[in-house]
Amino acid sequence: MTKQVLTIAGSDSGGGAGIQADIKTFQELGVYSASVLTAVTAQNTLGVHGVFPMSRDAVRQQIDAIGDDFEIAALKTGMLFDAELIEETAEGIQRYGWQNIVTDPVMIAKGGASLLQHEAVEAMQKYLLPLAKVVTPNIPEAEVLSGMVIHDAVSRQKAAERILVFGAEGVVIKGGHGTSPDFSEDFYLDRNGESLLLRSARLKTIQTHGTGCTFSAALAAELAKGEAVEMALHTAKQFIQAALAHPLNIGGGHGPTNHSAFRNAEEREEVYVVR
Ligand code: PXL
C-alpha cells in the first residue's frame, strides 16, 4: 500500500517552499501526502510580503482529522511560527504515536523574513527535538540551536553534539551555507556517535528557494518507505541536487527548485559519501 506521509508546515503562495514543496516532493517519491497548515505566507520569488499564522485550535483540529483517519508512516515539520504551534504539534505527534519524525527547524526565509518567533527556539528545543528522528538545520539554524559558531569541521561536530543533547536521534547540518566554493557537504551525526558526510558539487545558482523544505520532505518520504537513515539521506541529497541542477527559471528573484528533475535518471547528479 502507498505510504502516507504528513507535513505540518506553512504555505508558500509562490509554490517553491513550504507545504507546496513538501507535497510535490512526496508525490515525486511515490508517497501519499497529507498536510496540516500552520501559517499562510503571501510570498513570491522576491520575498515574503505577509505572514498569517493559523490559530492553535485550527492546527489541533487538522492534526486530529489526520490522526483519526490516516496511518502516518513518517512526518515532517517545517514552519511552525511560534511556541504555541510548536507545543500543539508536539502534543499531536505524541497523541497519535507518530514515528519517523523529520524536523526542519525553519527560522528565517531567504530574504530575511522571520518564520519563527525568537522565543520559540526554546520551545523547539524542549518539545520538538526530543521527538525527532532527524533534525535538519542549515548552518545558521544549527548555530542558533547549539548556541555556538560553526567555522570548520570541528565546530560543526561540536554543534551537532550539542543539538543532540536536546534529544533528537540524529542531526544533519546541511552545507548549503558553507564556505567551500567547490562542494556542499551535509554532516550527519546520531546518538550512537555514527557520522556520515555527504558531498555534492556546489552549484552556482540563485534558484534555491525551498531547498531545505524539499530536502527534509524527501528524507521523510524515504523513511516512510522503510529506508534506513543513511540511504534516506543519500536519496534526499540526490533529490535536491537534481532539483537545483535543472532550474525552472520562474520568477524574478530566488526561483524555486525543480521538483521533477530527480525522476529523470539522466538529470541526477553525483552525491558522494565521504565517510
Ligand atoms: O524554506 C523555509 C520556508 C518554510 N516554509 C515556508 C516558507 C519558507 C521560505 O520561504 O515560505 C512557508
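All ligand and atom numbering here is 1-based and tracks the order in the structure. This is a predicted model, so every value here is computed, not measured. If you read the sequence from its start, that first residue is 1, and numbering goes on from there.
The closest non-hydrogen atom to atom 11 (O) of ligand 1, taken over Gln43, Met107, His209, comes from Gln43.
The closest approach between any non-hydrogen atom of Gly78 and ligand 1 is not below 4.0 Å. Using a 4.0 Å cutoff on heavy atoms, Cys213 counts as a contact of ligand 1.
A cation-pi contact links Arg199 to Phe183, judged by a cut-off of 6.0 Å to the six-membered ring centre and 45° from its axis.
Under the 3.5 Å distance criterion, the side-chain polar atoms of Thr41 are matched with a main-chain donor or acceptor of Ser11. Under a 3.5 Å cut-off, the side chain of Ser13 and the backbone N or O of Gln43 do form a donor-acceptor pair.
For Leu115, every heavy-atom contact with ligand 1 shorter than 4.0 Å involves the side chain, none the backbone. The proximity of Ala39 to ligand 1, defined as any non-hydrogen pair under 4.0 Å, does not occur for either the backbone or the side chain.
Among protein heavy atoms, the minimum distance from atom 6 (C) of ligand 1 is reached at Gly18 CA, 3.8 Å.
When the shell of 6.0 Å around NZ of Lys225 is examined, it contains more than 12 heavy atoms from other residues, nucleotides or ligands. Within 6.0 Å of atom CD in Glu230, 12 or fewer heavy atoms from other residues, nucleotides or ligands are found, so the atom counts as exposed in its surroundings.
Less than 4.0 angstrom separates some heavy atom of Gly10 from each of these atoms of ligand 1: 12 (C). In the vicinity of Met79, heavy-atom distances shorter than 4.0 Å reach the ligand 1 atoms 5 (N), 12 (C). Residue-ligand proximity, Val106 to ligand 1, at heavy-atom distances under 4.0 Å covers atoms 2 (C), 3 (C), 4 (C).
Taking each heavy atom of Cys213 and Lys76 in turn, the nearest pair found is O-NZ, 3.3 Å.
Contact of the Ser155 side chain with the Val149 side chain is not registered, since no non-hydrogen atoms from C-beta on lie closer than 4.5 Å.
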